[in-house]
*Asks:* 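Handing you this structure, nothing more for now.
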Amino acid sequence: MLALILFYWIGKYFYNLADEFDKQKWGYAILGIVSYYVGCLGFGLICGIITEIVSPGTIDTINETLLSIIALPFGILSCYLLYKYLEKTWKKNNPNPIDMLDEIGKQSLD
């Protein structure tokens, strides 16, 4: 149940960001949720590999619920990093209409 609330908020933020820059809203909302899963999966793989190297056979006794709670911040961090990357990239590529007003009527030298 808590995961659904988390997915709602992640999707909402990405949906609003895509709406602000006139991109595909639902595609980026789903991308935000996928980035959460990728962050959790990446942490789980790294944690599992390190655990097997340090203490072979211990991975079978790890509590999956505890591991998913520990992976939660890494999933949220991956969403945050993707969100900031998209926001920065789209702001850089989105021309400001007020700055473009000065360019009206000027001839280009092409």
Side-chain angles (χ1 to χ4, degrees):
M1 183 65 187
L2 293 176
L4 292 176
I5 295 171
L6 180 66
F7 294 155
Y8 168 76
W9 285 106
I10 291 171
K12 180 181 176 189
Y13 278 103
F14 277 88
Y15 185 92
N16 290 339
L17 180 69
D19 187 34
E20 181 181 340
F21 291 100
D22 296 326
K23 305 288 184 184
Q24 288 184 338
K25 298 175 198 92
W26 284 106
Y28 284 101
I30 293 170
L31 179 67
I33 295 170
V34 168
S35 71
Y36 170 79
Y37 277 120
V38 168
C40 288
L41 180 67
F43 171 74
L45 286 174
I46 291 170
C47 183
I49 290 170
I50 291 173
T51 303
E52 281 298 314
I53 290 173
V54 171
S55 178
T58 310
I59 197 74
D60 295 332
T61 60
I62 291 179
N63 187 355
E64 287 91 13
T65 306
L66 181 62
L67 185 62
S68 66
I69 290 172
I70 293 171
L72 182 76
F74 293 96
I76 293 172
L77 178 66
S78 68
C79 287
Y80 178 76
L81 292 175
L82 178 64
Y83 182 88
K84 287 299 180 181
Y85 172 76
L86 290 175
E87 183 180 43
K88 180 181 174 185
T89 304
W90 291 345
K91 279 185 181 178
K92 184 173 70 172
N93 294 335
N94 192 17
N96 189 359
I98 295 173
D99 294 337
M100 298 297 289
L101 287 176
D102 295 335
E103 300 296 323
I104 295 175
K106 289 186 179 179
Q107 278 186 323
S108 64
L109 299 175
D110 291 338

*Asks:* How does the hydrophobic cluster around Val54 look, that is, which other residues are in it when side-chain heavy atoms under 4.5 Å mark a link?
*Replies:*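 Via sub-4.5 Å side-chain contacts, Val54 links to Ile46, Ile50.
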*Asks:* Identify each donor-acceptor pair in which a side-chain atom of residues 12-20 lies under 3.5 Å from a protein atom, sequence neighbours left out, and give them as a table.
*Replies:*
from	atom 1	to	atom 2	distance (Å)
Asn16	ND2	Lys12	O	3.3

*Asks:* Same cluster or not: Tyr8 versus Leu72, using hydrophobic residues (I, L, V, M, F, W, Y) connected whenever any side-chain heavy atoms lie under 4.5 Å apart?
*Replies:*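 Yes, same cluster.
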*Asks:* Side-chain donor-acceptor contacts of residues 28-40 below 3.5 Å, not counting sequence neighbours, with atom names and distances?
*Replies:*
from	atom 1	to	atom 2	distance (Å)
Ser35	OG	Gly32	O	2.6

*Asks:* Is there any salt bridge (charged side-chain N to carboxylate O under 4.0 Å, His left out) pair reaching into residues 69-81, and which pairs are they, with sequence neighbours excluded?
*Replies:*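 For residues 69-81, and leaving out neighbouring residues, there are no salt bridge (charged side-chain N to carboxylate O under 4.0 Å, His left out) pairs at all.
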*Asks:* Sort and list the pairs that fulfil side-chain hydrogen bond (donor to acceptor under 3.5 Å, both in side chains) and have at least one residue in residues 50-65, not counting sequence neighbours.
*Replies:*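 Of all non-adjacent pairs touching residues 50-65, those that pass side-chain hydrogen bond (donor to acceptor under 3.5 Å, both in side chains) are Ser55-Thr58.
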*Asks:* For Ile5, look at atom CD1 and say whether over 12 heavy atoms of other residues, nucleotides or ligands are found less than 6.0 Å away.
*Replies:*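 Yes, because the 6.0 Å sphere around CD1 of Ile5 holds more than 12 heavy atoms from other groups.
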*Asks:* Any idea which heavy atoms bring Leu67 and Cys47 closest together, and the distance?
*Replies:*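 Taking Leu67 first and Cys47 second, the nearest heavy atoms are CD1-SG, 4.0 Å.
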*Asks:* Hey, could you give me the CD1/CG distance between Ile69 and Leu2, rounded to the nearest 0.5 Å?
*Replies:*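 Ile69 atom CD1 to Leu2 atom CG measures 9.5 Å (nearest 0.5 Å).
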*Asks:* Leu86 vs Phe21, test: side-chain contact (heavy atoms from CB on, under 4.5 Å). Steps then yes/no.
*Replies:* CA-CA 10 Å; Leu86 290 175; Phe21 291 100; over 6 Å; no
*Asks:* Hey, could you give me each pair passing side-chain hydrogen bond (donor to acceptor under 3.5 Å, both in side chains) that has a residue in residues 68-93? Not counting sequence neighbours.
*Replies:*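 Qualifying pairs: Lys84-Glu87.
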*Asks:* Membership question, hydrophobic clusters at under 4.5 Å side-chain separation (ILVMFWY): are Ile10 and Leu77 in the same one?
*Replies:*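 Leu77 and Ile10: separate clusters.
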*Asks:* Is there a continuous path of hydrophobic side-chain contacts, each under 4.5 Å between heavy atoms, that joins Phe7 to Phe43?
*Replies:*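 They do not share one cluster, since no chain of ILVMFWY contacts under 4.5 Å joins Phe7 to Phe43.
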*Asks:* Please tell me whether Ile62 and Phe74 are part of a single hydrophobic cluster in this structure, the criterion being side-chain heavy atoms less than 4.5 Å apart.
*Replies:*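 In one cluster: yes.
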